[in-house]
Amino acid sequence: MHRKNTTLGEFIIENQSSFQYSSGELSKLINAIRLAAKVVNHEVNKAGLVDIIGAVGDTNIQGEDQQKLDVLANEKFIQTLINREIVCGIASEEEDDFISINSSDNQHQNKYVVLIDPLDGSSNIDVNVSVGTIFSIYRRVTPIGTPVALKDFLQPGRAQIAAGYIVYGTSTMLVYTTGDGVNGFTLNPALGTFYLSHPNMEFPETGKIYSVNEGNYVHFPQGVKDYIKYCQKEEGDRPYTSRYIGSLVSDFHRNMIKGGIYLYPKSSIAAEGKLRLLYECNPMAFIAEQAKGKASNGFDPIMDIIPTELHQRVPFFCGSKKMVEKAEEFMKAAK
Ligand code: P6P
């Protein structure tokens, strides 16, 4: 059991040896993410005070209006990771293609790639509702010493060596796993230090919260419609409560603490759903499974999907194990 109030820095050092690839580079990588999280947190917390709110007038490859904080968060995480000379490549929701990092003196010697959604839930920025950052870390599969390639990023979620998120909410938390459980650290803004506040986080096996954008109900597949009606039925432990923040990180975080399920299904208006496999669903699925929860596309585990494109989307069902399994039952029955 980890000691509460350990700082994130102490935790990384204390647990480095338990990580099978413990060469110190992963520790440096997590520390780089910690630094970038503090920088972005500072900007998010004062967004209303300076002219940083609002769209920059561009759209990203997703066709979504880029909010200024999206662009800033993207720049801060990329710059911090490049400066630390730990990764050989980065993919981001805000970048059309992956970034190959060839620091002059070490000629592609770094062995990790990072995939990020720098600011998830950005539609919430202008209305002061919590947003988040999601990250996913893999070892490269192409030879060290060569430029990173697309196949280094198109790895199934099972191959992740670490994943986590930062939620910029009433407090700022960094939650991550390296495959040995999930731990949550809360930032003390006065000290700029993350402290272990939520050791060994686990999803309750079931819960009473379902998170889905019911505005899309008429467009959902029959199995999803049937599951939503099941959640609303006066029977047994139901009706459940509907809670949908519009920020995956925030809905996921609340559901992991209280028990619940998050769904972003495919629909007649979103053929494969909205969420991106590589830098949203895979990292959240790694965390979910490490926290004894479950994550699927309604039928099969998210982390078993073999990626084909950098920004591909997948339907996403994630949360308390028994709730995801019940939703999958409805999906299979309606198939
Ligand atoms: P909708 C944010 O853009 C996001 O990717 C998730 O964080 C969030 O859960 C979802 O999209 C909200 O999408 O279509 O319900 O507004």
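Just so you know, ligand 1 is whichever comes first in the structure, and atom 1 is the first atom listed for that ligand. Just so you know, these numbers come straight off a predicted model, no measurement behind them.
The protein non-hydrogen atom at the shortest distance from atom 14 (O) of ligand 1 is Y264 OH, 2.6 Å. Taking atom 11 (O) of ligand 1 as the reference point, the nearest protein heavy-atom neighbour is K274 NZ, 3.0 Å. At the shortest separation from atom 8 (C) of ligand 1 among protein heavy atoms lies G246 O, 3.5 Å. When hydrogens are left out, the protein atom nearest atom 9 (O) of ligand 1 is Y262 OH, 2.6 Å; that is the closest non-hydrogen contact. At the shortest separation from atom 12 (C) of ligand 1 among protein heavy atoms lies Y244 OH, 3.2 Å.
No more than 12 heavy atoms of other residues, nucleotides or ligands lie within 6.0 Å of NZ in K292, so this atom counts as exposed by the packing criterion. Heavy-atom neighbours of E205 CD from other residues, nucleotides or ligands within 6.0 Å: at or below the threshold of 12.
The residue V249 has no part lying near ligand 1, judged by heavy-atom distances below 4.0 Å. For L248, heavy-atom contacts with ligand 1 shorter than 4.0 Å involve the backbone as well as the side chain.
The contact set between ligand 1 and D120, taken as ligand atoms under 4.0 Å from a residue heavy atom, comprises 2 (C), 4 (C), 5 (O), 6 (C), 7 (O). Heavy-atom proximity to G121, at under 4.0 Å, picks out these atoms of ligand 1: 2 (C), 7 (O). Atoms of ligand 1 lying under 4.0 Å from any heavy atom of E280, numbered from 1 in the order shown and given with element: 5 (O).
For the pair S122 and ligand 1, the shortest N or O to N or O distance does not fall below 3.5 Å.
Checked against a 6.0 Å centroid threshold, the rings of F203 and F252 count as neighbours.
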Give the intermediate values and the outcome of side-chain contact (heavy atoms from CB on, under 4.5 Å) for residues L8 and Y176. CA-CA 11 Å; L8 177 54; Y176 82 100; 3.7 Å; yes

Worked verdict on T142 versus R140 for side chain to side chain donor-acceptor pair (under 3.5 Å): CA-CA 6 Å; T142 52; R140 69 180 300 174; 2.8 Å; yes

In sequence, state the C-alpha distance, the side-chain angles, and the governing distance for K266 and N297, and then conclude on side-chain contact (heavy atoms from CB on, under 4.5 Å). CA-CA 9 Å; K266 71 178 184 180; N297 60 5; over 6 Å; no

Quick one, I90 with E95, criterion side-chain contact (heavy atoms from CB on, under 4.5 Å). Give me CA distance, side-chain angles, the key distance, then yes/no. CA-CA 9 Å; I90 302 171; E95 301 288 335; over 6 Å; no

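E25 and K28 are not joined by a salt bridge, as no carboxylate oxygen comes within less than 4.0 angstrom of a charged side-chain nitrogen.
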